[in-house]
Amino acid sequence: MTLIYIDLKRYFSFDLKKCMHSGQIFGWKNFGKKWYGFLNKVPVCVSQEENKLIVVSNKSITEDDIIYFFNLDEDVDKINKKIDVNDFMEKAIELYCGIRVLRQDPVETIIEFVCAQNKNIPAIQKTITEISKRYGEKAEMNGITFYGKPNIRKIAKSKLSEILETGIGYRAKYLLSTAEKISEDSTYVDKIRSMEYFSALNAMTSGKMKLYGVGLKVADCILLYGFYKLEAFPIDVWILRAYHYALKGFYDENLLSVNGFRKTKLSRKEYLLMGDVARKVFGKYAGYAQLYIYLASRSLFGGSKKF
DNA sequence: CAGGTC
DNA sequence: CCTGG
């Protein structure tokens, strides 16, 4: 049994709950103040007390693993200053300070976000749990059972009808195809990792390395949360709703409206253009800006769904 | 109708 | 389009 206390006073403001509710991670189970999930392939229980991060595990895990996963040593102060470009961003940073872009496993992130498209968060969590239950590993701590580490090869060898039992719906064929493709090419992940952001985005969404079911938005999520490519700026419906606040004055607002109404869908060209605007304004930390905007948008437009 | 994609 | 909150 491993018990690790991390003194958070050594790092810039960190908030576990905000990280776990930031829409970048779906496989973890929350009970009270404790979070159960797999960190670097090891089942752990994580909780936060003011200035302490507490990690418990039955298996071997190091302090460095935890610092790396939660990106505790990231210079967020510098990032916040860079992306604080107007009142909206200032407020969002103030409200959601403590967030980090986590370093999740690339393959697990691919599975997560292929499943996540066009679903609400409770449904995503349910599907991810079912996938891990069937294709991953079971763990138990404090009497809590949880699942993680979905195995891509197991999924690739599975039948479509079996995948459908997870409640994944029409995304089943995407997941199967993507699982097959990544399983066939053992260098796929390393290739994406070694590419710069824009090449990686193009590779995943077009040409020989394209993953079926992975469009621009899902690819951006994978690159940001699974590969830590911070230039990625995933534009989902929440970002779209808040974009004209967060980036007011930095782009031609006519691009985002039709007959006076704001667009709710973007063409490939528009998506790339809006991402480029964000990258121009927020620099290489566009991904961090996206997290703040996402959280602010949900609290502004999400009604009771905010936390 | 939901954090899209074919 | 599947499926479920």
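When reading the values below, keep in mind they use all heavy atoms of this one structure, side chains included, and skip hydrogens, waters and symmetry mates.
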* Does C:dT3 have a Watson-Crick or wobble mate here (both distances under 3.5 Å), and if so which one? -> B:dA2

* For the pair made of CZ in A:Arg241 and P in B:dC1, what is the distance, rounded to whole Å? -> 11 Å

* Asked: Taking atom C1' of C:dT3 as reference, at what distance in whole Å does atom CG of A:Asn120 sit?
  -> 10 Å

* Structure fact -> From CD1 of A:Ile128 across to P of C:dG5 the rounded distance in Å is 14 Å

* Roughly how many Å is it from CZ in A:Phe301 to P in B:dC1, rounded to a whole number? -> 18 Å

* Using whole Å, report how far CD1 of A:Ile121 lies from P of B:dG4. => 11 Å

* Do we get A:Arg100 above A:Phe70's six-membered ring, with its NZ or CZ under 6.0 Å from the centre and within 45° of the axis? -> no

* Structure fact -> Partner of A:Tyr243 under ring-ring contact (aromatic ring centres under 6.0 Å, His included), picked from A:Trp238, A:Phe88, A:Tyr251, is A:Tyr251

* Touch check for A:Lys265, heavy atoms < 4.0 angstrom, all strands: base, sugar-phosphate only, or nothing? -> base

* Using atom CD of A:Glu130 as one end and atom P of C:dG5 as the other, report the distance to the nearest whole Å. => 11 Å

* Structure fact -> Atom CG of A:Asp236 and atom C1' of B:dG4 are separated, to the nearest Å, by 10 Å

* Check the pair A:Tyr271, A:Asp220 against side-chain hydrogen bond (donor to acceptor under 3.5 Å, both in side chains), reporting the backbone distance first and the verdict last. => CA-CA 11 Å; A:Tyr271 183 100; A:Asp220 264 340; 2.7 Å; yes

* To do: For A:Arg268, answer base if it contacts any base atom (sugar-phosphate contacts may also be present), sugar-phosphate if it contacts only those atoms, and nothing otherwise; contact means non-hydrogen atoms under 4.0 Å.
  => nothing

* Could you point out which residue of A:Ile6, A:Ile54, A:Leu16 forms a side chain to side chain contact (heavy atoms under 4.5 Å, CB included) with A:Gln48? => A:Leu16

* When we call it a touch if two heavy atoms are under 4.0 Å apart, what does A:Leu216 touch: a base, just sugar-phosphate, or nothing? -> sugar-phosphate

* Closest nucleotide of DNA chain B for A:Val214 versus for A:Cys221: which of these residues is on the 5' side? -> A:Cys221

* Give the ring-plane orientation class for A:Tyr212 versus A:Tyr174, where under 30° counts as parallel, over 60° as perpendicular and anything between as tilted. => perpendicular

* **Whole-Å gap separating P (B:dT5) and CG (A:Leu175)** => 15 Å

* Asked: Relative to the 5' end of DNA chain B, which residue comes earlier, A:Gln24 or A:Gly213, by the nucleotide with the nearest heavy atom?
  -> A:Gln24

* So does A:Tyr170 reach the base of B:dG4 with its side chain, donor to acceptor, closer than 3.5 Å? -> yes

* **Under 4.0 angstrom between A:Arg171 side-chain N/O and B:dG3 OP1 or OP2** => no

* Of all the choices, B:dT5, B:dC6, B:dA2, which nucleotide is nearest to the side chain of A:Val218 once you look at every atom? -> B:dT5

* Quick one: label A:Tyr294 by what it contacts on the DNA or RNA (base, sugar-phosphate, nothing), any heavy atom closer than 4.0 Å. => base

* Is there a side-chain polar atom (N or O) of A:Lys126 under 4.0 Å from OP1 or OP2 of B:dA2? -> no

